[in-house]
Amino acid sequence: MVTKLVNACSNIGDICYARKIFEEFFEPDVFLWNAIVRCYSRHGLFAATLAMYSRMQRAWVSPDSFTFPIVLKACSALAALEMGKRVHGQVFRHGFGSDVFVQNGLVAFYAKCSQIRHARIVFNGLCDKTIVSWTAIISGYTQNGHPIEALRIFSQMRKMNVKPDWIALVSILRAYTDIEDLEQGKSVHGCVIKMGLDLEPDLLISLTAMYAKCGQVAVARSFFDMMKVPNVILWNAMISGYAKNGYAEEAVDLFHDMVSKNIKADAVTLSSSILACAQLGSLKLARGMEDYVSRSEYRDDVFVSTALIDMYAKCGSVDSARVVFDRMLDKDVVVWSAMIVGYGLHGRAQEAIDLFHAMKQVGVCPNDVTFIGLLTACNHSGLVEDGWQLFHCMRDSGIEPRHQHYACVVDLLGRAGCLGQAFRFIMNMPIEPGISIWGALLSASKIHRHVALGEYAAERLFFLDPYNTGHYVQLSNLYAAARMWDQVAKVRVLMREKGLNKDLGHSLIEVNGKLEAFRFGDKSHPRSKEIFEELEQLERRLKDAGFVPHRESVLHDLNEEETEETLCNHSERIAIAYGLISTAPGTTLRINKNLRACVNCHAATKLISKLVKREIVVRDANRFHHFKDGSCSCGDYW
DNA sequence: CTAGGGTTAG
C-alpha cells in the first residue's frame with residue numbers, strides 16, 4: 001500500500017514527498033526500497049539512485065530481480081564501471097545470474113562503459129535471448145564504433161526468426177548511418193513502413209538522422225518539418241546533419257530558430273552548432289556562440305568547451321581558444337589535442353610543442369590525434385627536424401601512424417626539399433598511399449620544381465580522385481613554374497576533355513559583423529566602384545614598391561596584360577580592398593577563402609600588410625596565414 | 001514494479 005503511494009509520486013516535487021514517506025519507516029521492505037530507488041532513476045537522478053542502493057545494502061535488505069535492472073541502468077548512465085562491476089558480483093551472490101532482465105541490464109551496462117567484450121560474454125551466456133538482449137548487444141557494438149559487427153549480429157538475429165521491434169530498428173538505422181550506407185538505410189525505411197511503424201516519433205527521428213548524415217539533407221528536412229512535436233534530439237539530428245555535410249549556414253540558422261522559439265538547447269545542440277560556426281569561420285558569430293554558452297548551464301561541459309576551442313582556432317583567434325582552454329579544469333586528451341591542433345593550424349609550432357610537454361607532465365597520454373596536431377604544427381612552421389623526431393617518438397609510444405600522419409611526414413620532407421627521400425618514404429610505408437599523400441608530394445614537387453615526381457604524383461591523383469580540379473591546377477602550376485608552357489596547355493586540354501572547369505575562388509570577409517562574399521572579378525557589390533578604385537591604388541603602390549607579379553600562378557597561358565589583370569582580380573584581393581575602405585585604420589582584416597592561397601596573392605598580401613600597416617589573417621582551404629609587416633606566418637610554404 | 005534506442009568534441 002505504502003509502496004503504491006511512493007510509486008505514485010512521479011513528478012519532481014513529489015520526490016521529496018516520496019522520500020518523506022519512505023523515511024517514516026523504520027525497516028522498509030524490498031518493495032519499498034525498490035520503489036524509492038525507481039523513483040530517483042525515473043527522474044534521471046542516477047547518483048541518488050546509487051546512493052539509495054548503497055543505503056539499502058547497509059540496511060541488510062536483499063535486492064531482488066527488480067532492483068538490479070534499475071541500479072545497472074544508473075551505472076550505465078553514469079558510466080560507473082567500478083560500481084557496476086561490484087553490482088555484477090552482487091547479482092551472482094543473490095542468485096540472479098540467469099535472470100534475463102538483469103543480464104540484459106549487464107549487457108547494456110558493459111557496452112556503455114566501453115567494455116564491449118564483457119558485454120558479449122554476458123550476451124553469449126544468455127539462454128533465452130529476447131529482442132531486448134539482441135538490441136542491447138547490437139547497439140553496444142555501434143556505440144563502440146563497430147557498426148559492421150552490429151549488423152552481422154543483426155543478421156544472426158534474423159536467421160533465428162527474431163522479429164525486430166521499433167527500438168531494434170533504431171539501432172540498425174544508427175549502424176547504417178555510421179557506415180553511411182544510404183541504400184540499406186532506405187531499405188530499413190521501407191521495412192518501417194511495411195511494419196506500420198512509421199508513426200513512431202522516435203523512429204522518425206532516427207530516419208531523419210540517417211538521411212541527414214548520409215547527405216540527403218532535403219529529405220531529412222521534410223521529416224523534420226513534418227514532426228508534430230519536435231524534441232531536442234530531433235533538432236540536434238537536423239543541426240548536426242547540416243553541419244556534417246557542409247550546410248553550416250543552415251545549421252546556424254536552425255540553431256537561431258531554436259533560440260528564438262525558446263526551445264532549450266542541450267550540450268549536443270551547442271556542440272553541433274559550434275561546429276557549424278567553426279566551418280563558417282566568422283569570428284563575430286563565434287563570439288556570439290561563446291556568449292550564449294557562458295550564459296547557459298553548459299559552460300563547463302567538456303564537449304561544448306572542446307568545440308569552442310576548435311571553433312575559435314578555426315575562426316582565426318587561437319588566443320581566444322587558449323582562454324577557453326585555460327578556463328577548463330578537467331582536461332582530457334581531446335581537449336589538449338584540440339588546442340594543439342589549433343596552434344598547428346596557425347603555424348605556432350613552439351606553443352604546440354610546449355603544450356605537448358605540459359600535457360605529459362600532468363599525466364595525460366597523447367593519442368594519434370595529438371600527433372596529427374603536432375606534425376601539422378611542425379609542417380606549418382617549418383620545424384622539419386622536430387616533426388621528424390615527433391613522428392618517431394609517436395611510434396616509440398606504440399601509436400600506429402595512420403594515413404594522415406604519413407601525409408604529414410611526406411609534407412615535412414617535401415618542405416625540406418628532400419623529394420627523393422619523400423618518395424622512398426612513400427614506397428616503404430606499410431599502407432597504401434592515398435590522396436593526401438600524393439597531394440603532399442605534388443605540392444612539394446611544385447615548390448621545388450621537380451617535374452618528374454610531380455607528374456608521377458599527379459598521375460596517381462588523377463586515378464584516385466579524377467574529378468578534383470585542384471590536382472590539375474597544381475600540375476599546371478608546376479609546369480608554369482618550370483616554364484613549360486606547352487605542358488600547361490596540355491593540362492588545360494585534359495581538363496576540358498573531362499569536362500572540368502577551374503574552381504572559382506571566393507573569399508569572405510567580415511566587416512562590422514557582416515560577412516561579405518566576393519567571387520573572382522566580382523563587381524556586384526554596391527560599393528564596387530570604390531573597391532576597384534582602392535584595388536587600382538593598391539596595385540600602383542605595389543608596383544612602386546617593386547612588386548613583380550608571379551605569372552606562374554595562372555592556369556591559362558594568357559598574354560601579359562590579361563595575366564596581371566586576372567591576378568589582381570582574385571577574390572581575396574577584392575576582399576582586402578573592401579576591408580581597407582570599410583574599416584578603421586589598423587583594424588585586422590580576416591578573410592576566409594575556399595581554395596589554397598595562390599603564389600601571387602600570397603606575395604602581394606605580404607607586401608600589402610606592410611604598405612597599409614595592417615594585420616591580415618587569411619584562412620585558406622587548409623590552414624591559416626597571418627600576414628604582418630611584410631611577411632607571413634607560413635614562411636612561404638603551404 | 002524491472003531491461004534495449006536515437007543527437008555531441010580533437
Side-chain angles (χ1 to χ4, degrees), chain A residues 3-4 6-7 30-35 37-39 41-42 63-73 76 96 99-109 111-112 129-140 142-143 164-175 177 200-210 212-213 231-241 243-244 265-275 278 298 301-311 313-314 332-342 344 366-373:
Chain A
T3 306
K4 277 199 178 132
V6 172
N7 282 337
V30 64
F31 300 102
L32 195 49
W33 275 108
N34 283 351
V37 168
R38 185 163 50 242
C39 196
S41 168
R42 278 213 186 126
D64 66 7
S65 64
F66 288 87
T67 321
F68 287 119
I70 309 170
V71 172
L72 285 169
K73 185 184 178 142
S76 306
F96 295 103
D99 182 288
V100 66
F101 275 80
V102 177
Q103 292 196 81
N104 290 343
L106 282 167
V107 172
F109 157 73
K112 286 256 166 57
K129 298 180 176 71
T130 64
I131 182 65
V132 177
S133 326
W134 289 99
T135 312
I137 194 71
I138 288 170
S139 61
T142 53
Q143 284 159 3
D165 64 1
W166 71 267
I167 297 185
L169 290 179
V170 163
S171 308
I172 293 310
L173 271 173
R174 153 110 197 239
T177 304
E200 197 60 63
D202 286 0
L203 190 45
L204 290 175
I205 294 176
S206 293
L207 282 169
T208 311
M210 188 277 291
K213 281 261 179 62
N231 65 10
V232 69
I233 295 178
L234 177 68
W235 282 88
N236 294 348
M238 198 64 231
I239 292 175
S240 65
K244 277 241 159 73
D266 68 5
V268 179
T269 324
L270 292 172
S271 311
S272 313
S273 308
I274 291 168
L275 176 70
Y298 301 103
D301 184 278
V302 187
F303 269 67
V304 173
S305 304
T306 311
L308 283 177
I309 292 173
D310 174 61
M311 171 191 74
K314 288 189 178 141
D332 64 5
V333 61
V334 184
V335 175
W336 286 93
S337 303
M339 195 63 232
I340 289 173
V341 169
N367 65 12
D368 57 327
V369 182
T370 319
F371 281 98
I372 285 179

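What's counted below: heavy atoms across the whole structure, side chains too, no hydrogens, waters or symmetry copies. Note on naming: letters A, B, ... go to the chains in the order of the sequence lines (proteins, then strands), and numbering restarts at 1 for each one.
- For B:dG4, neither phosphate oxygen OP1 nor OP2 lies less than 4.0 angstrom from any side-chain nitrogen or oxygen of A:Gln143.
- Atom CG in A:Asn231 sits about 16 Å away from atom P in B:dG5, given to the nearest Å.
- Between A:Ser139 and B:dG5 there is a side-chain N or O to OP1 or OP2 distance below 4.0 Å.
- Distances shown here put a side-chain N or O of A:Lys112 below 4.0 Å from the OP1 or OP2 atom of B:dG5.
- Taking CD1 of A:Ile239 as the start and CD1 of A:Ile274 as the end, the distance is 11.0 Å to the nearest 0.5 Å.
- Side-chain proximity of A:Lys213 to the nucleotides B:dT7, B:dT2, B:dG4 is greatest for B:dT7.
- In this structure, A:Arg42 does not reach the B:dC1 phosphate: none of its side-chain N or O atoms is under 4.0 Å from OP1 or OP2.
- Of the candidate nucleotides B:dG5, B:dA9, B:dA3, B:dA9 has the atom lying nearest to any side-chain atom of A:Thr306.
- Using a 4.5 Å heavy-atom threshold, the side chains of A:Val268 and A:Ser240 count as separate.
- Base engagement by A:Val369 is indicated by at least one non-hydrogen atom pair under 4.0 Å involving a base atom.
- Note: CZ (A:Phe68) to P (B:dA3) measures 14 Å, nearest angstrom.
- Counting only heavy atoms from C-beta on, A:Val268 has its side chain closest to B:dT8 among B:dG4, B:dG6, B:dT8.
- Between the base of B:dG10 and the side chain of A:Asp310 there is no donor-acceptor pair shorter than 3.5 Å.
- For the pair A:Val302/A:Val335, a side-chain contact is recorded, criterion being any heavy-atom separation below 4.5 Å from C-beta on.
- For A:Asn104 and B:dG4, a side-chain-to-base donor-acceptor distance below 3.5 Å is absent, hydrogens and geometry of angles not being considered.
- For A:Lys244 and B:dT8, the shortest distance from a side-chain N or O to OP1 or OP2 is below 4.0 Å.
- With sequence neighbours excluded, the residues forming a side chain to side chain donor-acceptor pair (under 3.5 Å) with A:Asp64 are A:Asn34, A:Thr67, listed by chain and number.
- Heavy atoms of A:Trp166 sit under 4.0 angstrom from at least one base atom.
- A distance of 13.5 Å separates OH of A:Tyr298 from CZ of A:Phe303, quoted to the nearest 0.5 Å.
- Residue A:Ile205 places its side chain closer to B:dG6 than to any other of B:dT8, B:dG6, B:dC1.
- The side chain of A:Val132 lies closest to B:dG4, out of B:dC1, B:dG4, B:dG5.
- In the interface, the side chain of A:Thr135 is paired with the base of B:dG4 through a donor and an acceptor atom under 3.5 Å apart.
- You'll find the side chain of A:Thr208 reaches within 4.5 Å of the side chain of A:Met238, heavy atoms only.
- With rounding to whole Å, A:Ile167 atom CD1 is found 10 Å from B:dA3 atom C1'.
- Looking at residues 233-241 of chain A, you'll see A:Ile233, A:Asn236, A:Ser240 sit with a heavy atom under 4.0 Å from some atom of DNA chain B.
- With A:Ser337 as the fixed residue, the side chain to side chain donor-acceptor pair (under 3.5 Å) test singles out one of A:Thr370, A:Asp332, A:Thr306, A:Asp368: A:Thr370.
- Heavy atoms of A:Ser65 sit under 4.0 angstrom from at least one base atom.
- Contact annotation: A:Lys73 does not reach the phosphate of B:dG5 (side-chain N/O to OP1 or OP2, under 4.0 Å).
- The residue A:Asp165 sits close to a base: some heavy atom pair falls under 4.0 Å.
- OP1 or OP2 of B:dG6 has at least one side-chain nitrogen or oxygen of A:Arg174 nearer than 4.0 Å.
- Counting to the nearest Å, the C1' atom of B:dT2 and the CD1 atom of A:Ile131 are 18 Å from each other.
- We find that CD1 of A:Ile137 is positioned 14 Å from C1' of B:dA3, with the value rounded to whole Å.
- The interatomic distance linking A:Phe109 (CZ) with B:dG5 (P) rounds to 14 Å, in whole Å.
- A donor atom on one side chain and an acceptor atom on the other are not found under 3.5 Å apart for A:Thr142 and A:Ser139.
- Taking atom CH2 of residue A:Trp134 and atom C1' of nucleotide B:dG4, one finds them 14 Å apart after rounding to whole Å.
- Base engagement by A:Asp332 is indicated by at least one non-hydrogen atom pair under 4.0 Å involving a base atom.
- The nearest whole Å value for the distance from the CZ atom in A:Phe31 to the P atom in B:dC1 is 12 Å.
- When only modelled atom types and interatomic distance are considered, A:Thr135 and A:Ser171 share no side-chain donor-acceptor pair under 3.5 Å.
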